[in-house]
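To keep things clear, I will list the structure first and then write my remarks on it.
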Amino acid sequence: VGVCTDGLFIPKQGVRCSVPLSKYTDRIKRILTPGDGLAEQAITGGIWVMLLNITDRALQLIKLVILARLLSPADFGLMGVALLTLAAIEQFSEVGVDPALIQQKEKNIDQYLNTAWMIKIGRGVLVATVAFFLAPYAAELFNEPRATNIIRVMVIVPLIGGFQNPGIVYLQKHLEFHKEFVYTIS
């Protein structure tokens, strides 16, 4: 007769334990719910950020697989050119509004949110405008003139992204990464 300690099936003895599932869900909830201490919040936040990165990468991979199945190899390459062009322009125009808000010593940063939002909107408009006018040059750089129109259509992404609510920075500032996970994935 086998001894059951962890609720798992033990094939050799044929013993099935009856440990309630709630025991495991309670343990997972404790791990994923931030505590009161800074160390607990940091560890839990790290777990949530790791889960967010893994989930985000998995969703990106799924998106790429779907695009690869729908598009021909040449068209998939055009999408790569457009995405690379936009990513480069966005990277060079990053102004660091979110890190500045997170590092503010004051807990309440409401007074800065309107300014941050206007800066983000301005950046989105600037990135979209620059990408729109640089599209022919980027297409020429990659020796792919068909990429011009694709880049010009995709400028809508940074334009819309500029209108993202800057209040989301509160989630990072207060180490509420579990809420950021839900927001980002949804």
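Here the structure is a predicted model, which is why all the values come from computation and not from measurement.
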Contact check, side chains of [X] and [Y], non-hydrogen atoms, under 4.5 Å:
X	Y	result
Arg152	Thr148	yes
Thr85	Leu134	no
Lys173	Ile109	yes
Pro158	Leu86	yes
Phe177	Leu171	no

Using the side-chain hydrogen bond (donor to acceptor under 3.5 Å, both in side chains) criterion, which residues pair with [X]? Sequence neighbours excluded.
X	value
Gln164	Tyr183
Asp98	Lys120
Gln103	none
Tyr170	Asn108, Asp110

Among Leu84, Val127, Ile151, which residue meets the side chain to side chain contact (heavy atoms under 4.5 Å, CB included) test with Ile89?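 Running side chain to side chain contact (heavy atoms under 4.5 Å, CB included) over Leu84, Val127, Ile151 with Ile89 returns exactly one hit, Val127.
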Over all atoms of both residues, closest heavy-atom pair of Val97 and Ala116: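 Between these two residues, the closest heavy atoms are CG1-CB, 3.4 Å.
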Between Phe181 and Thr55, is the side chain to side chain contact (heavy atoms under 4.5 Å, CB included) condition met? List the steps. CA-CA 9 Å; Phe181 177 86; Thr55 306; 3.7 Å; yes
Out of curiosity, does [Y] fall in the hydrophobic cluster containing [X] (side-chain heavy atoms, cut-off under 4.5 Å, transitive links)?
X	Y	value
Val95	Met118	no
Leu113	Trp117	no
Phe163	Val155	no
Leu175	Ile102	no

Residue pairs, two or more places apart or on separate chains, that pass salt bridge (charged side-chain N to carboxylate O under 4.0 Å, His left out) and touch [range]:
range	answer
residues 121-145	Glu94-Arg123, Glu144-Arg146
residues 159-169	none
residues 177-186	Glu176-Lys179

Step by step, work out the side chain to side chain contact (heavy atoms under 4.5 Å, CB included) result for Leu101 and Tyr112. CA-CA 8 Å; Leu101 291 174; Tyr112 305 111; 3.5 Å; yes
Would you give me the side-chain donor-acceptor pairs under 3.5 Å for residues 59-83, sequence neighbours excluded?
| residue | atom | partner | partner atom | Å |
| --- | --- | --- | --- | --- |
| Gln60 | NE2 | Asp56 | OD2 | 3.3 |
| Ser72 | OG | Asp75 | N | 3.3 |
| Ser72 | OG | Asp75 | OD2 | 3.2 |

Rounded to the nearest 0.5 Å, what's the gap from CD1 on Ile119 to CG on Asn114? Could you check?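 Between Ile119 CD1 and Asn114 CG, I get 11.0 Å after rounding to 0.5 Å.
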In the hydrophobic clustering that connects Ile, Leu, Val, Met, Phe, Trp and Tyr at side-chain heavy-atom distances below 4.5 Å, which members other than [X] occupy its cluster, ordered by chain and number?
X	value
Val153	none
Ile160	Ile156, Val157
Ile54	Met50

Give a yes or no answer on whether the side chain of Ser93 reaches the backbone of Glu90 with a donor-acceptor pair at less than 3.5 Å.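 Yes, the answer is positive, given that a donor and an acceptor are paired below the 3.5 Å cut-off.
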So for atom CD, which belongs to Gln111, do other residues, nucleotides or ligands contribute more than 12 heavy atoms lying within a distance under 6.0 Å?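 Enclosed.
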Any pair with a residue in residues 125-139 that passes side-chain hydrogen bond (donor to acceptor under 3.5 Å, both in side chains), sequence neighbours left out, goes on the list, sorted by first then second residue, please.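 Of all non-adjacent pairs touching residues 125-139, none passes side-chain hydrogen bond (donor to acceptor under 3.5 Å, both in side chains).
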